[in-house]
Amino acid sequence: MKSQIESFLESVQQVETLEEFQSATEDLCDILNLEHVVYHWVNSVGERFGAGTYSSEWVDRYLEKDYLRMDPVIFGCFQRFTPVNWKQLDWSSKAAKAFFLEAIEYGVGNQGYTIPIRGPKGQFALFTVNNTSSDADWDQFVDTFGRDLIIVAHEFNKKALEFEASDKVASTPALSPREAMAISYLAKGLSRAQAAQEMGISEHTLRVYIEAARHKLGALNTTHAVARALSTGVIIV
Amino acid sequence: MLRYIYGDSLHNFPLLRDTMFRDRADQFKNRLGWAVQVDDAGFERDEYDDCNPLYVVWENADGTHGGSMRFLPTVGQTMVNDHFGHLTDGVRIESPLIWECTRFCLAPGADRKVTAALTLGAGEVMDEFKLDHFVGVFDPRMERIYRLMGLCPDVIGRAGQGREEIGVGLWQMCKDAFAPTLAKVGIDRSTSKAWLREAFSPVAKMPLQASV
């Protein structure tokens with residue numbers, strides 16, 4: 001089993017695509033005889049990135065009902081770094097109980113162990129293993145594999161951070177023609193008023209184009225947006 | 001008793017919280033003369049207190065602070081990596097199996113039992129969360145305390161002389177250090193485990209179970 005986990009970790013490190021990331025969660029289920037393995041990265045506005053073996057019906061249901069706002073697993077782990085056995089969580093409210101029963105209906109196991117991950121710059125993610133079993137068997141499983149799971153969880157997270165980083169570098173954001181034109185005029189040294197006049201639009205409209213471009217370019221401010229647009233070849237002056 | 005409290009739950013223990021931050025001001029600013037910030041309320045707090053750390057705190061019988069320490073995972077923001085890179089040759093100490101332990105503080109007049117209790121708390125955390133090491137910034141006094149407790153700190157970098165001396169080191173709680181530490185605190189392992197379990201189980205569950 002140990003050697004299987006070791007080679008599994010190596011295979012996670014080789015992952016290059018989201019599809020491979022997804023299959024890694026499936027492989028881990030097979031190795032550890034688990035029903036589910038899920039990695040997800042949560043930010044303040046909701047889910048940003050995830051992979052796992054929950055049925056798509058359950059994922060859809062979860063998103064549709066916005067369970068992120070009441071899921072005791074999220075509440076018990078958010079901004080923390082100590083792994084949690086689901087049994088320790090607060091399932092006492094009526095809503096939480098109903099949510100739990102519904103999850104089981106959708107094929108989620110009754111036992112779970114979730115590892116919250118704190119990454120650089122406030123990054124936060126959750127890694128969960130899930131199964132149907134007795135309390136005693138689950139405690140035994142957690143005791144045996146807890147340490148390995150922490151390491152696996154962080155390998156998944158490293159990969160996710162890698163995807164995030166390469167995302168920013170590799171995919172060049174496409175600006176709409178108007179956005180590109182607005183940024184180009186600024187790059188040529190025109191003032192906002194002059195650029196607006198050249199484009200035959202109001203300064204207010206121009207500001208909207210620039211803001212949209214800034215957002216797409218992931219830039220801090222207008223100057224940064226112009227610099228990013230030039231350096232990534234989005235505009236040529 | 002020992003309490004394990006996340007920063008975002010400190011508000012549930014106002015007396016313990018306030019006396020802890022005051023005792024920290026007393027220890028780090030007044031007694032040790034460190035360049036720490038003390039606010040108008042007399043609390044010593046820094047940026048890491050805002051990172052939702054896990055505090056291990058000895059609570060006196062009257063509810064006040066007897067001693068405490070603060071833990072943060074090294075995969076996130078830590079004092080050692082942010083400020084003491086020059087003591088580790090610029091190497092970032094970063095692993096899910098290493099947590100940083102800082103602000104080891106004793107209330108004025110705290111006895112050896114409190115030191116032992118905090119050591120025990122660190123050991124329980126290490127055991128429960130499958131950690132390999134703690135990393136911390138040591139002054140010579142802390143190093144002596146750790147050695148006294150049988151923790152064998154492994155200092156990997158030092159700077160300064162005498163009272164100014166400071167080091168970055170790793171330490172751990174070995175299995176056989178539990179028995180003598182428990183004896184010093186005067187409790188058995190099951191009591192210690194119960195304190196830890198109490199901290200990591202939801203309070204809200206209790207009344208519901210009682211009413212069933």
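Each chain gets a letter, A, B and so on, in the order the sequences are listed, and its residues count up from 1.
When side chains are defined from C-beta on, Lys87(A) does not count as touching Ser201(B), because their heavy atoms never get closer than 4.5 Å. The side-chain heavy atoms of Leu89(A) and Phe200(B), taken from C-beta on, include no pair separated by under 4.5 Å. Lys130(B) is not listed as a side-chain neighbour of Leu149(A), based on a closest heavy-atom distance of 4.5 Å or more.
When the candidates Asp143(A), Thr82(A), Val84(A), Asn85(A) are compared by the number of heavy-atom contacts under 4.5 Å with chain B, Thr82(A) comes out ahead.
When the side chain to side chain donor-acceptor pair (under 3.5 Å) test is applied to Thr53(A), the partners found at least two apart in sequence or on another chain are His36(A).
The list of side chain to side chain donor-acceptor pair (under 3.5 Å) pairs with a residue in residues 70-80 of chain A, not counting sequence neighbours, reads Tyr62(A)-Asp71(A), Arg80(A)-Asp8(B), Arg80(A)-Ser9(B). Residue pairs satisfying the salt bridge (Lys or Arg N to Asp or Glu O under 4.0 Å) criterion with at least one member in residues 49-64 of chain A, sequence neighbours excluded, are listed as follows: Arg61(A)-Glu64(A), Arg61(A)-Glu102(A).
In this structure, OG1 in Thr78(B) is found 11.5 Å from CZ in Arg118(A), a value given to the nearest 0.5 Å. Note that OG of Ser95(B) is 9.5 Å distant from CD1 of Ile150(A), once rounded to the nearest 0.5 Å.
For CZ of Arg112(B), the number of neighbouring non-hydrogen atoms (other residues, nucleotides, ligands) closer than 6.0 Å is 12 at most. Heavy atoms from other residues, nucleotides or ligands lying under 6.0 Å from NZ of Lys193(B) number more than 12. No more than 12 heavy-atom neighbours from other residues, nucleotides or ligands sit within 6.0 angstrom of NZ on Lys113(B). The neighbour count for Gln13(A) CD, taken as heavy atoms of other residues, nucleotides or ligands under 6.0 Å away, is above 12. The neighbour count for Gln37(B) CD, taken as heavy atoms of other residues, nucleotides or ligands under 6.0 Å away, does not exceed 12.
Both the backbone and the side chain of Phe129(B) come within contact range of chain A, judged by heavy atoms closer than 4.5 Å. Of the atoms belonging to Leu54(B), heavy atoms from both backbone and side chain fall under 4.5 Å from chain A.
The contact list for residues 62-77 of chain B toward chain A, using heavy atoms and a distance under 4.5 Å, reads Phe71(B), Leu72(B), Pro73(B), Val75(B), Gly76(B) by residue number.
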What do the steps show when you test Arg147(A) against Asp132(B) for salt bridge (Lys or Arg N to Asp or Glu O under 4.0 Å), and what is the final call? CA-CA 10 Å; Arg147(A) 192 175 181 281; Asp132(B) 281 351; 2.7 Å; yes
